[in-house]
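Read through the structure below, which is laid out as structure tokens, and then see the notes.
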Amino acid sequence: MELYTLIDYTTLRLIWWVLLGILLIGFAATDGFDMGVGMLLPFVARNDLERRVAINSVGPVWEGNQVWFILGGGAIFAAWPPLYAVSFSGFYLAMYVVLAALILRPVGFKYRSKRPEPRWREGWDWALFIGGFVPVLVFGVAVGNVLQGVPFRLDADLRAFYEGGFFGLLNPFALLCGLVSVAMLAMHGAAWLALKTDGCVARRARDYGTAAALATAVLFALGGLALWLWIDGYRLVGTAVTDGPSNPLLKEVAHDAGAWFANYAARPWLVLVPALGIAGALAAAAGLRARLERLTLLASGLSIFAIITTVGITLFPFVLPSSLDPRSSLTIWDSSSSHRTLFIMLVATAIFLPLILAYTAWVYRVLRGKVDEAAILREDGHHY
């Protein structure tokens with residue numbers, strides 16, 4: 001018996017669907033507060049010293065946090081090749097915009113303090129804002145388009161053809177999802193600043209963070225309502241073949257009103273997940289006002305976890321539905337790598353993911369404590 005057959009194909013596919021969700025949540029919960037701080041930078045800090053305090057609150061960890069982004073992209077490439085191929089080629093221009101914005105972040109961090117001129121530093125401050133705001137908005141817009149269905153089709157040879165355009169992505173529902181993403185990570189960035197800074201920066205972070213947390217709850221609820229009233233979902237026709245070959249064309253898919261809520265109708269307790277998304281955001285708003293810094297960050301993280309998990313539950317078992325040809329839609333059962341590949345990747349993940357988590361936890365423990373203006377003024381060479 002081959003070793004990889006110890007776990008059946010259906011279970012492996014489900015495990016990798018869960019792992020992909022974990023990686024996306026890890027990215028949003030860690031690199032998300034970096035981007036949130038970037039978005040808030042022009043608003044919570046009014047002078048150069050305050051901006052340096054805000055920047056240095058994420059300075060030691062922002063590079064390490066991007067590991068989750070790389071892991072997520074790598075997992076999609078290795079575990080879900082058709083998903084990687086269709087999404088990265090179909091959303092090519094959007095991905096390029098994200099990449100260009102992300103390039104501004106490391107350059108902004110490294111170059112900002114190279115010269116003392118105010119205009120130089122202000123320019124890089126806005127670069128950090130763009131590097132935080134644009135990717136977060138585009139990621140949310142992408143999720144909104146996935147929920148509506150992406151205009152692609154597969155031919156008989158499983159070649160993908162994308163027939164959409166960049167500006168077609170900017171539809172009202174997708175922009176609403178983009179605003180949810182922006183508000184959610186602005187809330188998370190504010191929670192981080194409240195934990196890591198003092199004085200005026202922390203006070204303004206609490207004010208903006210409270211508004212962002214309330215906006216997250218309201219916009220997320222509006223997104224669910226819009227999905228119910230105006231967005232038709234997708235469902236498999238007949239019994240799904242969960243251990244068959246990865247060929248999306250071997251199934252039938254219907255496009256029906258209310259189909260995205262079928263999982264909640266079948267298992268009503270799942271409604272607790274989106275409820276946690278709203279409750280976490282409201283708890284973060286209350287925590288910011290009460291100055292419960294650690295609890296606020298946990299509540300913000302809980303909201304992020306629940307909102308992203310809600311998207312996964314809503315889509316399940318789809319990972320990329322097709323609006324042009326519903327039969328071409330990709331599901332977790334027909335767009336994965338082979339049984340052997342998923343098993344080998346799972347073994348590697350079981351070895352290395354705990355090491356990454358342990359190292360990350362150690363780094364955050366070593367770097368605990370607040371960043372204050374006195375530390376910045378010492379100019380000891382360890383600050384941006």
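Note that the numbering runs from 1 along the sequence shown for the chain. Values reported hereafter were calculated over all heavy atoms of this structure, with side chains retained and with hydrogens, waters and symmetry mates removed.
Without hydrogens or angle criteria, Thr197 side chain to Ala194 main chain gives no donor-acceptor distance under 3.5 Å. Side-chain N or O atoms of Thr10 include one that pairs as donor or acceptor with a backbone N or O of Thr242 at under 3.5 Å. For Thr216 (side chain) and Ala183 (main-chain N/O), a donor-acceptor pair under 3.5 Å exists by modelled atom type. Within the 3.5 Å criterion, the main-chain N or O of Phe316 finds a donor-acceptor partner in the side chain of Asn263. A donor-acceptor contact shorter than 3.5 Å is absent between the side chain of Ser303 and the backbone of Gly280. In this structure a side-chain-to-backbone donor-acceptor pair under 3.5 Å is present from Thr314 to Thr310. Formation of a donor-acceptor pair under 3.5 Å by the Trp192 side chain with backbone atoms of Ser57 is found in this model.
Using a 4.0 Å cut-off between charged side-chain N and carboxylate O, Arg115 and Glu117 make a salt bridge. The existence of a salt bridge linking Glu293 and Arg206 is excluded, since no basic side-chain nitrogen approaches an acidic carboxylate oxygen closer than 4.0 Å.
Counted within 6.0 Å of OH on Tyr92, heavy atoms from surrounding residues, nucleotides or ligands total 12 or fewer; the atom is thus considered open.
Side-chain atoms of Asp8 and Thr11 form a donor-acceptor pair, as typed in the model, at a separation below 3.5 Å.
Remark: Leu93 CG to Leu169 CG distance equals 8.5 Å, nearest 0.5 Å. Between atom CG of residue Leu315 and atom OG1 of residue Thr331 there is a gap of 11.5 Å, rounded to the nearest 0.5 Å.
Counting Ile, Leu, Val, Met, Phe, Trp and Tyr side chains that sit under 4.5 Å apart, directly or through other members, Leu292 shares a hydrophobic cluster with Leu295, Leu298. Hydrophobic side-chain contacts under 4.5 Å tie Trp124 into a cluster, directly or through other members, with Leu99, Ile103, Val107, Tyr111, Trp120.
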For residues 245-252, which side-chain N or O atoms pair as donor and acceptor with protein atoms under 3.5 Å away, sequence neighbours left out?
unit_1, atom_1, unit_2, atom_2, d
Ser246, OG, Arg13, NH2, 3.1
Ser246, OG, Ser336, N, 3.3
Ser246, OG, Ser336, O, 2.7
Asn247, OD1, Leu249, N, 3.0
Lys251, NZ, Pro248, O, 2.7
Lys251, NZ, Arg327, O, 3.1
Lys251, NZ, Ser329, O, 2.4
Lys251, NZ, Asp334, OD2, 3.0

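Hydrophobic cluster membership differs between Leu353 and Ile344, with clusters built from Ile, Leu, Val, Met, Phe, Trp and Tyr side chains linked at under 4.5 angstrom.
Ring orientation note: the planes of Trp126 and Phe129 are nearly perpendicular, at an angle over 60° on the 30°/60° scale. Below 30°, between 30° and 60°, or above 60°: for Tyr9 and His339 the angle between ring planes is below 30°, a parallel geometry.
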Decide yes or no on salt bridge (charged side-chain N to carboxylate O under 4.0 Å, His left out) for Asp207 and Arg289, but give the supporting numbers first. CA-CA 8 Å; Asp207 292 339; Arg289 303 322 302 167; 3.1 Å; yes
Trace of the side-chain contact (heavy atoms from CB on, under 4.5 Å) decision for Asp125 with Ile55: CA-CA 9 Å; Asp125 290 339; Ile55 290 169; 4.0 Å; yes
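Proximity of the aromatic rings of Trp230 and Phe173 is defined here by a centroid distance below 6.0 angstrom, and this criterion is not met. For Tyr162 and Phe152, the ring centers sit 6.0 Å or farther from each other. For Trp68 and Phe27, the distance between ring centers is not under 6.0 angstrom.
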